[in-house]
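All figures in this text were calculated on a predicted structure; none of them were measured in a lab. Chain letters run A, B, ... following the sequence lines, proteins first and then strands; every chain starts at 1.
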Amino acid sequence: MSLLHFVVLAPFVMAIFLPFLYYKFRSIHTGWFLLPLPLILFIYVATYIPFGGGGMEAVEHTVQWVPSLGINFTVYLDGLSMLFALLITGIGTLVVLYSIFYIANKPDEPLNNFYVYLLMFMGAMLGVVLSDNLIVLYVFWELTSLSSSLLIAYWFHKEKSRYGAQKSMLITVSGGFAMLAGFALLYIIAGNTFSIQEIISQADAIVQDPLILPAMLLILLGAFTKSAQFPFHIWLPDAMEAPTPVSAYLHSATMVKAGIYLVARLTPVFGLTAEWFWILVIFGLTTLLWGSISAVRQTDLKGILAFSTVSQLGLIMALLGMGAAALHYDFIETETMYYTATMAAVFHLINHATFKGALFMAVGIIDHETGTRDVKRLGGLMAIMPVTFTVSLVGLAAMAGLPPFNGFLSKEMFFTATLNVASLDIFNLETLGVFIPIVAWIASVFTFVYSMMMFTRTFTGEFKPENYEKEVHEAPAGLLISPIILGSLVILFGLFPNLLGYTLIEPAMQAILPGITPVGEQFYVNIYHWHGINTELLMTVAVVLFGLAIALNLKKWAEAAFFQRERDPLNRAYDFGLDQLVVQSQNVTNFHMTGRLRDYMLYMSVFIVGLGMYTFFRYNSLDINLEGQGGIPGYAILVIGGLIASTLVLPFVHKRITNLVLLGVIGFLVALLFVIFRAPDLALTQLLVETVMVVLFLLVFRHMPEITKEKKAPLTTTVKALVSGAVGIFVILTGLSVHALRAESDITPISDFFIENSVPLAGGYNMVNVILVDFRGLDTLLEVLVLGIAALGIVTLIKHRLKGDEDV
Amino acid sequence: MIQITAQITLVLLAVSILLCVIRLVKGPCMADRVVALDTIGLNLIGFIGLIMMVQQTILYAEALLIIAILAFISTVSFAKFLEGGVVVDRNGSSR
Amino acid sequence: MQFQILLNIVIAFIWMLLQNSFTIVHFVFGYIVGLGMLFFLRRFLRFDFYFRRVYAFIKLLLLFAYKLIEANWDLIKIILRPKMDITPGIIAVPTELKTDWEKTLLANLISLTPGTLTMDFSEDGDILYIHAINVPDKEKAIREIHESFEKAILEVTQ
Amino acid sequence: MNNIVLLPVLIPFIAGAVLILFRHFPKLQRISSAVVMLVMLAASVLLVYSVYQDGILTVELGNWPAPFGIVLVGDLFASLMVLLSSITGVTCLFFAFQTITKEREKYFFYPFYFFLLTGVNGSFLTGDLFNLFVFFEVMLISSFILIVTGGTKFQLRESYKYVVINIFASMMFLAALAYIYGLTGTLNLAHIAQQIEEIGQTGVVNTAAIMLLIVFGIKGALFPLYFWLPQSYYGPPAAIAALFGGLLTKVGVYAIFRTFTLIFVHDISFTHTVLLVLAALTMVLGVLAAVAQFNFKMILTYHIISQIGYMIMGLAIFTPLAVAGAIYHIAHNVVVKSALFMFAGATQKITGTNNLKEMSGLLKTHPALAWLFFISAVSIAGIPPLSGFFSKFALVLSGLEAEMYVIVAVALIVGVFTLFSMMKIFIYVFWGSPSLQRSDYSHIKLAPLLMPIVPFIVLTIAMGLFAEPVFTFIQLTADQILDPSIYIDAVLGE
Amino acid sequence: MEILMIFTSGIIIAVATYLFMTRSLLRVAFGVVMLSHGVHLLILTLSGLETGAPPLLTENAEAYTDPLPQAVILTAIVISFGVTAFLLVLAYRTYKEHGTEDLEELRGNADE
Amino acid sequence: MEVLVSILLLTGGLLSFLGSIGILRFPDVYGRLHAATKSATLGVIGILTGTFLYFLVMHDIFVGKVLLGIIFVFLTAPVGAFMISRAAYLTGVPLSKQTEQDDLKKARSEAEKAE
Amino acid sequence: MKTNFLMLHTITRIVSFIVLSFSVYLFFAGHNAPGGGFIGGLMMAGALILLYVTFDAERINRVLPFDYTAIIAIGLLLAIVTGLNSYLFGDPFLTQYFEYYQIPFVGEVELTTALPFDLGILLVVVAVALLTIISIAEDVS
Ligand code: NA
Ligand code: NA
């Protein structure tokens, strides 16, 4: 157990104790107890940053968990995990701080729940990024889904919260299940290991396996659902029902990036395949485009941010796909050409976390102070909330990709990457590649538009106090600290991007593209603001121009049908699917669970005959042995005839007492057969039982009416007759074959033993009785137990009557 | 000789049983059926006696006696049931 | 008390019959079995009975067996007649017998002899209702019963 | 010390018989049944330990050598099942103390309870086919009564169907037994296995195998033989539903495992393909039915069915890992399913209803209940790191290894649906505003209700967090049952 | 002989199955009784008929009929008896509570 | 002795057979009861006597149970008939059309009047 | 018009004793001839059922004032304890013992532990049959 293990486990441990603190110190906001934890963890992880440059050595510690299944809790810290761990703990600290002021410590506010979920999430997320073992990663992965759902439903009295929680849970967990299957396939392909590093070390061999594609698809399903890629993104806007600190933390900065993390982590494994490239690029760009267009339609500030996040996640995903192309070039060229995409991905990841975090917090403040997030009601807040305004402006500009903020830099790199990729000569990029920068550009235009829109509709225009339920003023300082810090980072990283270069970006890139640095050499990331007037810059200028044009004409756009609906049309598919799932399940269930004993018996009989006969004829089992069939005494034939006749009459008899008399006769005849076949004890028992049974029937008749007449339904009757006939035929055929096989085989029954030993060893001459009380005494003991239970049961049935709600 | 007559008698009894089964199915009233059942019981007693001779064993003597007893019990039960639907009276007042 | 001892002996005797073995062991054992049964059923025994009548009773049985065989023929003839021209009827037969035992015995005998069948008793048990397969002369039938069986039974029981 | 094998059968048997005599002394009944149950638990633990240490233990009843007498066989699998039955037995008993009426106690509740366990444990331990039938019957007749006890309209109606279908199954069992005895001339399982090996699993032997499969399938609620289960498990009190839901169907599953790992193993391509198809259909139809319900207990009862599918899936894949996964799933399911039924009971006691639409917001009023339920719900949906995950994972992994992709896909999709219906419960019952419930139940103390459930929750967590020792043990178990010769040698001698 | 008996049990089982599918509580119970007859005869038949004297060693015969199936059937008869008796009472209690003997009217679902 | 036993058996068998025919042929339940109680009973008693003698003489076995059986049938057959006929009459099973008189009916109607 | 069962009652009084004796016989004969605890028990139950059918439940209950549920328990326990008895000799459960004894004037007698075992079974069977029948018969609802 290393300290790194403790980094993962610490939040869980804290989660156990937190409720006690909550109940013990109700007057102190629970968040304060929590705050030091992410901070300490952040500082601890930060100690691994290679401030001196030159990349970092990966750290690995293993604790055995379920070694027999290949599951070990191995923490692995390299550049990529470190970057994520810093994001999780860093933003985590800020979010906790923010939440202390955001969620008031009111008596009926279950802060303990909130922070326990948050801690669970934090631990789980750290677990995801620090685990080397795929299954452990999966374990934490599902825990993030769980805690996310719980956080979304924190205000579970709201219908929408419950809806959002259910949706996010279903989609992300389903994806998780697929991912688990993918991991399992990977385990099989890689020769029974779940260790990511071991799998990466065999990457070249693995790609040759035919199972690699299904494995990849399944794993990507997990990544895409988690990272809200089209068309699985629909859960994310609904997740905005969570308290805003949660949105800022989970649903923009960290959890939704788990998919990104996984894709980056597995790039060395899958990156060599064309499918990886195309799937990531196509889904990424589609998500980017779809998200940015959808964001424009939103009127809820958090809705805009949600779709914005969707679109930015698509961007990063697409970048990772493009970056994988570098693996094909063995990094021979020192040009940044091949790794720009990956660098952009990592850089934008950081940038997005900062500016989106700031924006979410700002929106939270607006919501908190004004009581609304509806852009139709908001307006003119610039003067009333100057600090919030400033932070928002910085965040929005970064999001729109304007200089000098960090978003601009990564956006530029993104354009570079798309242009680079379009010129590659692999994966048919010569022809198809041209679409990539075009889509990227269009999406950027819309990104600009919604950023612009957020700005104008919230902060500019006229302030109308009648739109608000309370008096609007600037937020308290505590609430502002976190967004200010994030906003400052946006500016800082925008102005001094190379602060991140060798500390965070380079180590991360080494993890994503392991061959990027030749042995013994270093790899330097340098990010510049000014590359001269190049295509990328022109593209940015065009984005601004077109964006302004659209933004100014937004009213016209808004009239188009597509922009009328705020909800994503894909939701209809989801809702319909879920509805139908229930409805169709009900149909299927009601169809076969009819409550009719007759139907159940019919189904079961058909099944028995069907499967039985199939088996029977599959093996050509029919076999009849005619030996020893002669010499049947006439009286026996008559008795058997009488038995069969009485039996066949039974279904046609509709008076219960006649039925019973017939039953009595049949019982007597069966006893007679026992006599004929030399089974005196059986005959006696049969007779006695039969008689007692008859008396019982008679006693019961007193309490019951004449039996129900079957309604005339010839079809049903025919079906019943056919099926029961088939059961009979099945029994007969099998019986005949067993009889024949028995005659052929030389199996000696164990009964010889009883014949030999009954007298000498058991002291009885009646072998049946000796078997009953001695050789198989247990059977007898139990059979009378059955009788005893039945009798007590009958007493209970008759005398014990409850109405049904006395107990549970 | 006894074996042969026993066999013949067995067939006679078996036919008797079948005849009773016919009456049992035909009815028309329940009493008829109970009569038939009772008679079948009687015939069974004879039947088993004969089987004892055919199989040369006295092992079925118990069965024979038991059928006699049981035929009686069931006849009485059926008759009581027919009379009033009550096989076991709760107390003496009902008779 | 006398009766109980007797009954006990009878049970022991039945026991020996069952065992197919007439040894003292089985008699004693049967006697013990009977004792147990009598003990459990002691509240149930309320009929009286005397040893000296046993002989007469057996005699009656034999007499009856004879009548039975003799009269069975009639019934067979009826059964085998192609057309059943019978005139059945229910006759009320008053009886002078007093105890349940006697009455039962009479009823049994009537039932077992062909042509007549005890159907019911009156509430006080003094009238037997008899189904006769052929009742050309009711009075004669009643008289016959009175003279044969009833008399014989009275002989036994007094 | 082979007699330890006998204890799990004898203890409840004697206890049940003695408790009949004390029906009018509820307190005495409670105390003594609690003590007996704990002793039984101890005996089961001891049994597992002994078998683990010394290998398969057998008791030849009446001192008659197998295959002539009846032999009880405690191998790892059987002992594990016995242990599970004891664990469930203890907790459900303590839950019953809290929930059932005095009236039920007077009407032989405890004797029936113990007789049921006698039947269940006997079914696990017996090494004789006919004796298995008899133990089945002991179990069934007790279950009939426990299901109908109280005698409400609903119970009576559904019990009738339950009883009839189970009787039908029992009779089919006897028919199958007739075939098997006709073919092999023996009733001892190990001996049957030997004989079948000798005559070959050909022709009509396979038909007999299928007959047995169907019979056990009815008891174990396999597709399409599960019709009796949902409604009949709905009727009885929660303590009984928990015992049944957790334990009873597993007896059928156990029997399928026993026969199809010991006896009918010579034509796997056919028999186990049939099993595979049935497993898939069972899973899917069961879970769909659960999805369709809006009733707490009903959802749970249908889930029993779908979970059975997973167990059979493991057997059908028939690799050591798969069988281990299946056994793990059985263990997990016994624990969690019982717990869930008790939650349903506790919830019903608090709200007075089982209808999801009539309750709401219990998370606010009864957080402990909510969270404990949440853990078991999540566990049954296969979310890590709880027990349900490991069983499902082993099954998925082994399915993929065996290249049986369809069943794996089905298993995973069914997992999603399971999650969906479990969430449905959570959403309706625990989320929302606490306004719908009838208020007159608010006085009910929750702690005594929850105490018996807590051990289960601890178990499901422990079986996840400490999966290694559990899994190693279960792998041993799987290895043992996958090698029939071990069992045969233990019973019949070398 | 065996073949004839196999047919007999088959017919009994078929009729019993038919009775199981009727709509009367009582007829189903009759079906239970019949089914057990059929199955018991099947066990007896398939373990071989008429192979020797009755399984009593007082007989001093050379061969005896297999006693094991007889013991098995005996146990099965008893168990069927217990179970059927229970079913019977269950049927009448069901009738009493529901006022109908018709299984068609005894369908219903949980939410009532 | 063999002849005696054979005769007993055959007579018994025939009687039983005839009894069954009677059961089929008699027009009403009461008539059938006559056939059952007399012919069938006697037939069975004949056969049992034959059986008893057979084992006593041929095998030197005293089969008390058979003897007991005979006594038992003797005792109970009339009671059975009594019970059935009584039940039939009380539940209103009609007498055959040939029936000439019915004292029981008279008695019953008188009793009803008295009440 | 009231009638009575005079004939039935009288005959039953005799017959029931025959049947009871027979049942005891069957019980003891079981080990060496057809019969045994099971059959004997059912026969005994048959005799008692006959009494119940012939007379009325109240009256016979007065004659046989047993708690049948207790008898079931006692029967079961008797059988189990007989089986457990083998532990005294270090044998497995349900091991039966038998020995032939020469008793003066009596001859050879076989004593076997199967007997108490069978007796337990007889008790249960009788109690079960009667309990069932009485319960149904006395149900008035
Ligand atoms: Na079950
Ligand atoms: Na609700």
Side-chain angles (χ1 to χ4, degrees), chain B residues 6 10 24 29-95, chain G residues 2-9 11-12 14-30 32-36 38-40 42-63 129-141:
Chain B
L10 272 172
L24 193 143
C29 70
M30 274 322 299
D32 292 299
R33 301 202 167 92
V34 179
V35 174
L37 183 70
D38 194 38
T39 313
I40 290 175
L42 279 174
N43 285 334
L44 284 179
I45 300 171
F47 203 98
I48 290 180
L50 291 166
I51 296 261
M52 280 165 67
M53 282 181 275
V54 170
Q55 292 189 12
Q56 305 268 334
T57 173
I58 59 158
L59 286 178
Y60 303 132
E62 284 88 354
L64 186 149
L65 190 48
I66 282 185
I67 293 189
I69 296 168
L70 296 181
F72 177 60
I73 295 178
S74 32
T75 305
V76 171
S77 308
F78 268 114
K80 270 199 88 175
F81 176 76
L82 286 185
E83 208 178 302
V86 182
V87 180
V88 176
D89 302 299
R90 297 191 64 237
N91 52 45
S93 63
S94 53
R95 56 177 180 104
Chain G
K2 280 190 177 171
T3 54
N4 70 46
F5 285 110
L6 188 149
M7 189 175 173
L8 175 66
H9 289 179
I11 293 290
T12 301
I14 307 170
V15 163
S16 61
F17 276 93
I18 298 180
V19 180
L20 275 177
S21 320
F22 185 48
S23 67
V24 178
Y25 160 76
L26 282 173
F27 168 70
F28 283 108
N32 297 314
F38 206 83
I39 292 167
L42 273 176
M43 193 72 261
M44 191 175 282
L48 299 176
I49 288 171
L50 182 62
L51 291 180
Y52 273 98
V53 173
T54 306
F55 301 95
D56 53 278
E58 214 171 71
R59 188 159 156 198
I60 304 300
N61 283 346
R62 251 182 286 125
V63 178
L130 290 180
L131 184 61
T132 308
I133 280 171
I134 296 167
S135 301
I136 303 176
E138 291 185 342
D139 185 17
V140 277
S141 69

Non-hydrogen side-chain atoms of [X] and [Y] separated by less than 4.5 Å:
X: B:Leu10; Y: B:Ile51; value: yes
X: G:Ile49; Y: G:Val53; value: yes
X: G:Phe22; Y: B:Glu62; value: yes

Note to self: Any salt bridge linking B:Asp89 with G:Arg59? Criterion: basic side-chain nitrogen under 4.0 Å from a carboxylate oxygen.
What the structure shows: no

Chain B contact via [X] - side chain, backbone, both or neither, heavy atoms under 4.5 Å:
X: G:Ile18; answer: neither
X: G:Ile134; answer: neither
X: G:Ile136; answer: neither

Note to self: On a heavy-atom basis, which atom in G:Met44 and which in G:Leu20 lie closest, and how many Å separate them?
What the structure shows: CG-CD2, 3.7 Å

Next item on the list: Locate the shortest heavy-atom distance separating G:Thr54 from G:His9; write the atom from each residue and the value.
Entry: O-NE2, 3.1 Å

Part of [X] lying under 4.5 Å from any heavy atom of chain G:
X: B:Ile69; result: side chain
X: B:Ile66; result: both
X: B:Tyr60; result: neither

Margin query: Counting heavy-atom pairs closer than 4.5 Å to chain G, which one of B:Leu65, B:Leu70, B:Val76 comes out on top?
Written below: B:Leu65

